[in-house]
Amino acid sequence: MRQHVNPLSKNFNEIEYIPSLMEIFGDSELNLHLDIGSAAGEFLFDLALVNTCWNYLGIEIRERLVKTAKLKVKEREMKNLYFLFGSANNILNDIQNKFIIENVKSISFNFPDPWFKKRHIKRRVIQPEFINILSNSLQKGSLIFIKTDVKDLFDYMDFIISSNFNFKTIDIKNFNYSKSFNPNKVKTSREKYVIVNQLDIFERIYMKI
Ligand SMILES: C[S@@+](CC[C@H](N)C(=O)[O-])C[C@H]1O[C@@H](n2cnc3c(N)ncnc32)[C@H](O)[C@@H]1O
């Protein structure tokens with residue numbers, strides 16, 4: 001399977017219809033977490049099975065992974081987990097889908113693709129325009145979590161989010177995970193690999209103020 005998909009390809013201009021939160025989840029009033037670049041969704045399955053008082057939504061650009069994850073949700077009859085296929089930027093830039101950002105309590109960007117080459121930086125999921133959209137529509141107090149093993153990518157993401165005056169950095173050492181979307185600090189697939197290989201992890205949490 002191809003690992004990297006160009007999110008700027010016109011293949012992703014067409015966005016799938018997204019039902020309302022009431023249609024998607026068993027209880028749409030629960031806190032909603034959005035994971036961007038959810039891959040096969042293992043992280044969200046682990047979270048959603050245990051934390052049934054949260055709803056989880058994953059966006060992933062590799063269609064086959066999303067199809068398989070959707071089937072698994074159906075088979076397991078899970079009512080607090082949903083996956084969307086497409087480029088997160090296109091989906092969330094679309095005015096019709098504004099309700100997603102307006103309703104999330106937190107968003108995670110876990111180990112996003114680094115797109116190392118300078119000419120490919122526009123393919124990174126975190127872009128100033130995208131962070132502006134989040135900053136305009138997120139509720140105050142909503143959180144953004146970023147995590148990566150690539151220091152340059154961390155510095156880039158941190159610069160873009162910190163440059164937006166609507167976000168402030170949270171002290172991660174004193175952060176109370178028990179009330180977050182991830183009370184048991186479940187690890188993503190990439191994170192497990194990074195830990196086994198003793199690579200560094202760079203992470204930060206921001207709050208919309
Ligand atoms: C390195 S993987 C990390 C997967 C997972 N978050 C983890 O930590 O194990 C990055 C994922 O983000 C997806 N992705 C990259 N750009 C995306 C975009 N613009 N919208 C949605 N998904 C994207 C990739 O297809 C890939 O599955």
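What you see is a predicted model, and the numbers here were worked out from it, not measured in a lab. Counting starts at 1 for both ligands and their atoms, in listed order. Note that the numbering runs from 1 along the sequence shown for the chain.
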message: In this structure, does ligand 1 have an atom that sits under 4.0 Å from one of the heavy atoms of Glu60?
response: yes
- prompt: Can a donor-acceptor pair be found between the side chains of Glu23 and Ser20 at a distance below 3.5 Å?
  reply: yes
- prompt: Given Asp113, Asn110, Val150, which has its nearest heavy atom closest to atom 10 (C) of ligand 1?
  reply: Asp113
query: Heavy-atom contacts under 4.0 Å between Ser87 and ligand 1: side chain, backbone, both, or neither?
result: both
- request: Measure Asp35 to ligand 1 on non-hydrogen atoms and call it side chain, backbone, both or neither using the 4.0 Å cut-off.
  value: neither
task: For Thr188, counting its heavy atoms only, list the atoms of ligand 1 lying under 4.0 Å from any of them.
output: 7 (C), 8 (O), 9 (O)
- prompt: Hey, is ligand 1 close enough to Ile36 that some N/O pair sits below 3.5 Å?
  reply: no
message: More than 12 heavy atoms of other residues, nucleotides or ligands under 6.0 Å from CD of Glu16: yes or no?
response: yes
- request: For Asn89, take its heavy atoms, then give the atoms of ligand 1 lying under 4.0 Å from any of them.
  value: 19 (N)
- request: Indicate yes or no: does an N/O atom of Arg62 lie under 3.5 Å from an N/O atom of ligand 1?
  value: yes
message: Out of the candidates Asp46, Asn31, Asn51, only one should pair with Tyr56 under the side chain to side chain donor-acceptor pair (under 3.5 Å) rule; please name it.
response: Asn51
query: Would you say Ala88 and ligand 1 have an N/O pair spaced under 3.5 Å apart?
result: yes
- prompt: With distance as the sole criterion, is a donor-acceptor pair present between the side chains of Thr188 and Asn110 under 3.5 Å?
  reply: no
- prompt: When Arg204 is tested against each of Thr148, Asp158, Thr169 for side chain to side chain donor-acceptor pair (under 3.5 Å), which residue passes?
  reply: Asp158
- prompt: For the ring pair Phe145 and Phe181, is the centre-to-centre distance below 6.0 Å?
  reply: yes
Within-cut-off N or O pair, Arg190 and ligand 1, under 3.5 Å: yes
field: Proximal ligand 1 atoms for Ala39, defined as those under 4.0 Å from one of its heavy atoms
entry: 4 (C), 27 (O)
Contact atoms of ligand 1, heavy-atom distance to Gly86 under 4.0 Å: 20 (N), 21 (C)
task: Indicate yes or no: does Lys122 engage Glu129 in a salt bridge with an N to O separation below 4.0 Å.
output: yes
field: Within 45° cone and under 6.0 Å: Lys72 NZ/CZ vs Phe45 ring
entry: yes
